[in-house]
S.K.: 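The structure under discussion is supplied below as structure tokens; questions concerning it will follow.
One is the number of the first residue; the rest follow in order along the sequence. Being a predicted model, the structure only gives us computed values, none of them experimental.
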Amino acid sequence: MTKYHDSNRRHWNEAAKWWEELRDKDGLWQRCPNEPDLGFAGGALQLIREVVGNISGKDVCVIGSGDNYAAFALAGMGANVTSIDISEQQLEVAARRAEQLGLSIAFVQADAADLKSIGDEEFDLVCSSNGFFVWIADLHAVFNEIFRILRLGGHYVFYDIHPFQRPWKDQIRPIEVEKPYWETGPIENEKNGTFEFNWTLADILNPVATSGFILRQILESPAEDSRYWQGSSYLSGTDERLLDWNENPRAALPVWLTVALQRPAQYE
């Protein structure tokens, strides 16, 4: 585990209780098994349905699972879900919630860049959601590991913040550049000891080619709800004007990058 990943792991362990309380305020984790769309954005769930089909009974891995909304959603759809995260404390919270929801989910603590505890070709689908890539120091290692744990013909579907949103200051007006697009990090947060990475589109997609994946589809989409611009709650936003680029210039850029990849169906 790199020093960057270990620092991030410690932060998320320390922040687990605070994050648990924040998510309890909206309470949407309780609804995810029956309303799976709550666990995804950027058209990711629709893309999973399109490329994978019915996931009931399929073996699915949610990597960098965080608050586990996606894991709860997929389990509610009948998948056999394994939830992998670097933070032990985050997983403990998720395990308690899964028990309350009556969901059978396997929870595994592991660094996404080193999944040695996971065997080869164990999953039909791997997915990751918003807030995964920003914590990853080595995308090549992560893509290689995901490729390895997928079965032949299996898919990796991810959605995350579009890189075009990264250069800007976190404000509505005025729109101001905070850093160059190509300044990817590591960016240290001295307050909490974390290290973030603002990868470019090329940084994310080039490892796809070298890892052996087939690119099936890319989506670029705007925010569907003004809550994206109003903080970390999953509750619906309160200001629809923020979806209008005339009011909020950053809304003129894509918010989500959603990608479907496939491991070839046979060995080459």
Side-chain angles (χ1 to χ4, degrees), residues 1 5-6 8-9 12-13 15-17 19-20 23-24 28-40 44-45 48-49 51-133 135-136 141-160 260-263:
M1 184 181 299
H5 287 189
D6 192 44
N8 293 341
R9 179 189 64 83
W12 281 109
N13 279 338
K17 181 63 176 176
W19 196 254
E20 178 183 12
R23 295 281 72 93
D24 279 339
L28 297 188
W29 62 269
Q30 297 169 316
R31 295 167 52 190
C32 283
N34 297 317
E35 301 174 63
D37 286 325
L38 294 174
F40 297 89
L45 185 57
I48 288 171
R49 288 172 169 144
V51 299
V52 180
N54 184 4
I55 68 167
S56 180
K58 288 187 166 62
D59 296 318
V60 176
C61 172
V62 180
I63 191 166
S65 50
D67 56 31
N68 276 264
Y69 280 36
F72 298 155
L74 294 166
M77 296 170 67
N80 304 313
V81 177
T82 297
S83 168
I84 299 177
D85 198 83
I86 201 169
S87 167
E88 304 94 319
Q89 298 300 318
Q90 287 278 82
L91 291 174
E92 286 186 12
V93 172
R96 291 198 304 271
R97 288 177 170 169
E99 185 176 4
Q100 293 178 50
L101 295 170
L103 301 175
S104 179
I105 297 175
F107 293 96
V108 178
Q109 190 277 328
D111 184 339
D114 183 10
L115 300 175
K116 56 179 175 291
S117 60
I118 305 296
D120 295 351
E121 300 180 14
E122 289 198 10
F123 298 103
D124 303 298
L125 168 68
V126 174
C127 64
S128 63
S129 59
N130 173 37
F132 176 52
F133 292 138
W135 304 112
I136 299 300
V142 170
F143 278 107
N144 286 338
E145 284 289 76
I146 293 173
F147 187 91
R148 178 183 65 80
I149 66 176
L150 275 171
R151 295 183 176 125
L152 299 181
H155 293 84
Y156 174 36
V157 177
F158 68 80
Y159 79 94
D160 218 308
L261 308 172
Q262 186 175 25
R263 180 171 178 175

S.K.: The test is side chain to side chain contact (heavy atoms under 4.5 Å, CB included); show your working for Val62 and Val81 and say whether it passes.
M.R.: CA-CA 7 Å; Val62 180; Val81 177; 4.2 Å; yes
S.K.: Report the relative orientation of the aromatic rings in Phe40 and Tyr159; use parallel for angles under 30°, tilted for 30 to 60°, perpendicular for over 60°.
M.R.: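 The rings of Phe40 and Tyr159 sit tilted, inter-plane angle from 30° to 60°.
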S.K.: With rounding to the nearest 0.5 angstrom, report the CG to CG distance, Leu74 to Leu125.
M.R.: 7.0 Å
S.K.: With distance as the sole test, does Gln262 use its side chain to make a donor-acceptor pair with the main-chain N or O of Gly153 at under 3.5 Å?
M.R.: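 Pair found, side chain donor or acceptor close to backbone of Gly153.
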S.K.: Minimum heavy-atom separation for Ser87 to Gln109, with atom names?
M.R.: C-CG, 4.4 Å
S.K.: Taking Glu122's backbone N and O only, do any of them form a donor-acceptor pair with Arg151's side chain (distance below 3.5 Å, no angle check)?
M.R.: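 Present.
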S.K.: Would you say Glu121's side chain and Leu150's backbone share a donor-acceptor pair under 3.5 angstrom?
M.R.: no
S.K.: Checking Asp160 side chain against Gly131 main chain: does a donor-acceptor pair fall under 3.5 Å?
M.R.: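 Checked: pair present.
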S.K.: Roughly how far apart are Lys58 NZ and His155 NE2, rounded to 0.5 Å?
M.R.: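 Between atom NZ of Lys58 and atom NE2 of His155 there are 10.0 Å.
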S.K.: If you compare all heavy atoms of Gly119 against all heavy atoms of Arg148, which two are closest, and at what distance to 0.1 Å?
M.R.: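 Minimum heavy-atom contact is C-NH1, 3.6 Å.
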S.K.: Which heavy atom in Gly66 sits nearest to a heavy atom in Asp85, and how many Å separate them?
M.R.: N-OD1, 2.8 Å
S.K.: Looking at Arg263 and Gly154, would you say the former's side chain and the latter's main chain have a donor-acceptor pair under 3.5 Å?
M.R.: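 Checking the backbone N and O of Gly154 against the side chain of Arg263, no donor-acceptor pair under 3.5 Å is found.
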S.K.: Show your working on side chain to side chain contact (heavy atoms under 4.5 Å, CB included) between Leu115 and Ile63 and close with a plain yes or no.
M.R.: CA-CA 10 Å; Leu115 300 175; Ile63 191 166; 3.8 Å; yes
S.K.: Calculate, to the nearest 0.5 Å, the distance between atoms CZ and CG belonging to Phe158 and Asn130 respectively.
M.R.: 12.0 Å
S.K.: List in chain and number order the residues that pass ring pair (Phe, Tyr, Trp, His ring centres under 6.0 Å) with Trp12, two or more places apart in sequence or in another chain; answer none if no residue qualifies.
M.R.: Trp19, Trp135
S.K.: So, Asp59 side chain and Asp124 main chain: donor-acceptor pair closer than 3.5 Å or not?
M.R.: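 Side chain of Asp59 to backbone of Asp124, a donor-acceptor pair under 3.5 Å: no, none is there.
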S.K.: Between Asp24 and Arg97, is the closest basic N to carboxylate O distance under 4.0 Å?
M.R.: yes
S.K.: Looking only at heavy atoms, which two atoms of Leu103 and Pro33 are closest? And how far apart?
M.R.: CD1-CG, 3.8 Å
S.K.: Got a donor-acceptor contact below 3.5 angstrom from the Ser65 side chain to the Ile84 backbone?
M.R.: yes
S.K.: So for atom CD, which belongs to Glu99, do other residues, nucleotides or ligands contribute more than 12 heavy atoms lying within a distance under 6.0 Å?
M.R.: no
S.K.: To the nearest 0.5 Å, how far apart are CD in Gln89 and CZ in Arg9?
M.R.: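 Interatomic distance, Gln89 CD to Arg9 CZ, rounded to 0.5 Å: 10.0 Å.
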S.K.: What pair of heavy atoms forms the shortest contact from Phe72 to Trp29, and how long is it?
M.R.: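 Closest pair (atom of Phe72, atom of Trp29, distance): CD1-O, 4.0 Å.
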S.K.: Starting at CD of Glu88, measure out to CZ of Phe107 and round the result to the nearest 0.5 Å.
M.R.: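 Interatomic distance, Glu88 CD to Phe107 CZ, rounded to 0.5 Å: 14.5 Å.
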S.K.: Taking all non-hydrogen atoms of both residues, which atom of Glu145 and which atom of Ala113 are closest, and how far apart?
M.R.: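 Taking every non-hydrogen atom into account, CG-O, 3.8 Å.
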S.K.: Judged by atom type as modelled, is there a donor-acceptor pair below 3.5 Å linking the side chain of Asp37 to the main-chain atoms of Leu45?
M.R.: no
S.K.: Would you indicate whether the side-chain heavy atoms of Ile86 and Asn8 approach each other to under 4.5 Å?
M.R.: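 Heavy-atom side-chain distance check fails, nothing below 4.5 Å.
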